[in-house]
Protein chains: 2
Amino acid sequence: MGDAVGLRERKKLRTRRALIEAALRLFEEKGYEETTVAEITAAVDVSTRTFFSYFTSKEDVVFFDGEARVEAALKMIADRRPAETVVDLLLRVTSHSLDAVTDADLTVELTPARRHLITTVPALRARGLDLLFETQQRLAGALHRAYADELDPIEAAAAIGSLMGAAHLATTISMERGETPEQVWAAGRRAMEIAIRGLSSIG
Amino acid sequence: MGDAVGLRERKKLRTRRALIEAALRLFEEKGYEETTVAEITAAVDVSTRTFFSYFTSKEDVVFFDGEARVEAALKMIADRRPAETVVDLLLRVTSHSLDAVTDADLTVELTPARRHLITTVPALRARGLDLLFETQQRLAGALHRAYADELDPIEAAAAIGSLMGAAHLATTISMERGETPEQVWAAGRRAMEIAIRGLSSIG
DNA sequence: ATCATATTTGCATCCATTGCAAATTTGCAC
DNA sequence: GTGCAAATTTGCAATGGATGCAAATATGAT
C-alpha cells in the first residue's frame, strides 16, 4: 500500500487522502445527505469528475479503509498457528480487527463519529452491511482453506456467520440502548461467548 | 391488510399490485438497472410521480412483502407456547418464515428469480441486508419480551444474530457454489444446528 | 348535483453517476 | 533541455432517481 514511488503516485495518494479527510469533515459538519460531491471536491480543488475516478460512489469514501481491515483478518486466518483451534483463532482475529490499520499512508481508527454515520445514514448503513457480508463470505472461505481437513465450506460459513452475526447484532442493540462504549464492547464479547457455547446454553 | 372497503382503497390496491407485477416482470426481462421507473409506470399507465407515492424508492418495490413476513414472525414469537424453549421456538419460526405470505391481496413466494435479483443486484442486495438486519433487531426485541425472565436484551440479540447469521451466510455460500435448492436448504439447517450446538462443537 | 377530501399529475429542480473527447501532467529517452 | 507516449484530470452533456409543490381529477357523503 505505502509504495509511493514516483511523483505521480505520491500526488494521487495525497489527493485521495485529501478527498477522504474533506468528505469526513463535511459529513460530520453538515451531514452526509446534505453534503454534495461537488462540495467535497471544491474543498480539495479538483473537479467533481475526478472524485469518481478515486471512489466509485459517494458512499465509498466512508469505507476507504475497509479493504485493509479485511486483508489483515484474512492474513491472520491464513497464517493460523499449527495447533490452534478454530475458536481460538477467531477470537484472536476479532480482538485484533478493531485495531487501527494503515490504508494508503492514512492511518485511522473507526472513530465514534464515523461509526455513528454508518449506523445512522440509511445509504451508508446499507452499504456497510453489504461490505460486512462480503467480508464474511471471504473470511468463511479463508477459514475453510485454513482448516480444510476439519471444516467443510458450510461449517466454516456457519462458524463465521454465527460469531459475527451474534457480535454485530448484540453490539448494535447495546449501542441503541445508549450504553457506554465499555458496555457495548462487553455485549459483543458476551454474544461471541454465546455463539461459541451454543444457543442451547441460554434457553 | 385485505380491507378494501371503498372504491378508493380497491383502486389503490389494484394500482399497487399492478406496479409490483410490472416492475418484477420488467426486472426479470431486462434487468433491474436497465429498467427505469418511467418504464414501469408506463406499463401500468400512471405517472412516474405516482410510483413514488406507493414506494419510497425503486428498490422498495422488490421487497413489497417484507413487512408482512416480519410481522408473521413477530407474532409467532409473541405468541410463544408456554413451556417452549427458545431454540424450539426459533426453529419453528424459521421453518415457517419461508412460507408464502399475503400482502395487500397479493400472495407471493420468494421466487428463485426474485431471490436471484436480490443477491445479484448490488443496490438490492444492500437494501435487502439493511431490511434483514432491521428485522433481526425487531426479532431480538420480541424474543427478549417473550422470554423476559430468562433472556436479557443482549442474550436475545446474540441468539437471533447467531442463528440467522449462520443460516444466512451458509445458504448464500451454498448457493454461490451452485448447489441445488435441496442442498441450500440443508446447508441452512446444518448451520442452524451448529449455531445451536455452539462453535466449539466443530473446532 | 355539490362540496370537502383524497389522489394523481405535471412540472421544475437537485444531485449522483457515467461516457467521452479535449487538455494537462508526468516519466522517460535522447 | 526537448519531445513523445502514457497516465490523469477536466469539462460537458446526458441519464435517471427522488422530492416539493400547486393545479387538475376523482371519490364519496350529503
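Values below: every heavy atom of this structure, side chains too, minus hydrogens, waters and symmetry copies. Just so you know, these numbers come straight off a predicted model, no measurement behind them. Letters A, B, ... mirror the listed sequences (proteins, then strands); counts begin at 1.
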Can you tell me how far [atom2] of [N] sits from [atom1] of [X], to the nearest Å?
X	N	atom1	atom2	result
A:Glu59	D:dG17	CD	P	16 Å
B:Phe51	C:dG10	CZ	C1'	18 Å
B:Arg14	C:dT7	CZ	P	14 Å
A:Lys58	C:dT17	NZ	P	8 Å
A:Glu9	C:dG27	CD	C1'	10 Å

Look only at the side chain of [X] and the backbone of [Y], and say whether a donor-acceptor pair between them is shorter than 3.5 Å.
X	Y	result
A:Arg80	A:Pro82	yes
A:Ser162	A:Ala159	no
B:Tyr32	B:Glu59	yes
A:Arg145	A:Ala78	no
B:Thr41	B:Ala38	yes
A:Arg190	B:Ile154	no

Trace of the side-chain contact (heavy atoms from CB on, under 4.5 Å) decision for B:Leu139 with B:Met164: CA-CA 10 Å; B:Leu139 294 182; B:Met164 293 183 70; 3.8 Å; yes
Within residues 27-41 of chain A, residues whose heavy atoms come under 4.0 Å of DNA chain C: A:Thr35, A:Thr36, A:Val37
Residues in contact with DNA chain C, drawn from residues 122-131 of chain B - heavy-atom cutoff 4.0 Å: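 Of all residues in residues 122-131 of chain B, none places a heavy atom under 4.0 Å from DNA chain C.
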Residues B:Glu179 and B:Ser174: side-chain donor-acceptor under 3.5 angstrom: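 There is such a pair (donor and acceptor under 3.5 Å, judged by atom type) between the side chains of B:Glu179 and B:Ser174.
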Pair A:Ser57, A:Arg127: side-chain N/O donor-acceptor within cut-off below 3.5 Å: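 Judged by distance alone, the side chains do pair up.
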B:Lys75/B:Glu71 salt bridge by N-O under 4.0 Å criterion: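 No, no charged N to carboxylate O under 4.0 Å.
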Hey, what are the protein-to-nucleotides 9-11 of chain D N/O distances that come in under 3.5 Å?
unit_1, atom_1, unit_2, atom_2, d
D:dT9, OP1, A:Tyr54, OH, 2.8
D:dT10, OP2, A:Ser47, N, 3.0
D:dT10, OP2, A:Ser47, OG, 3.4
D:dT10, OP2, A:Thr50, OG1, 2.5

Among B:Glu21, B:Glu29, B:Glu28, the one residue meeting salt bridge (charged side-chain N to carboxylate O under 4.0 Å, His left out) with B:Arg25: B:Glu29
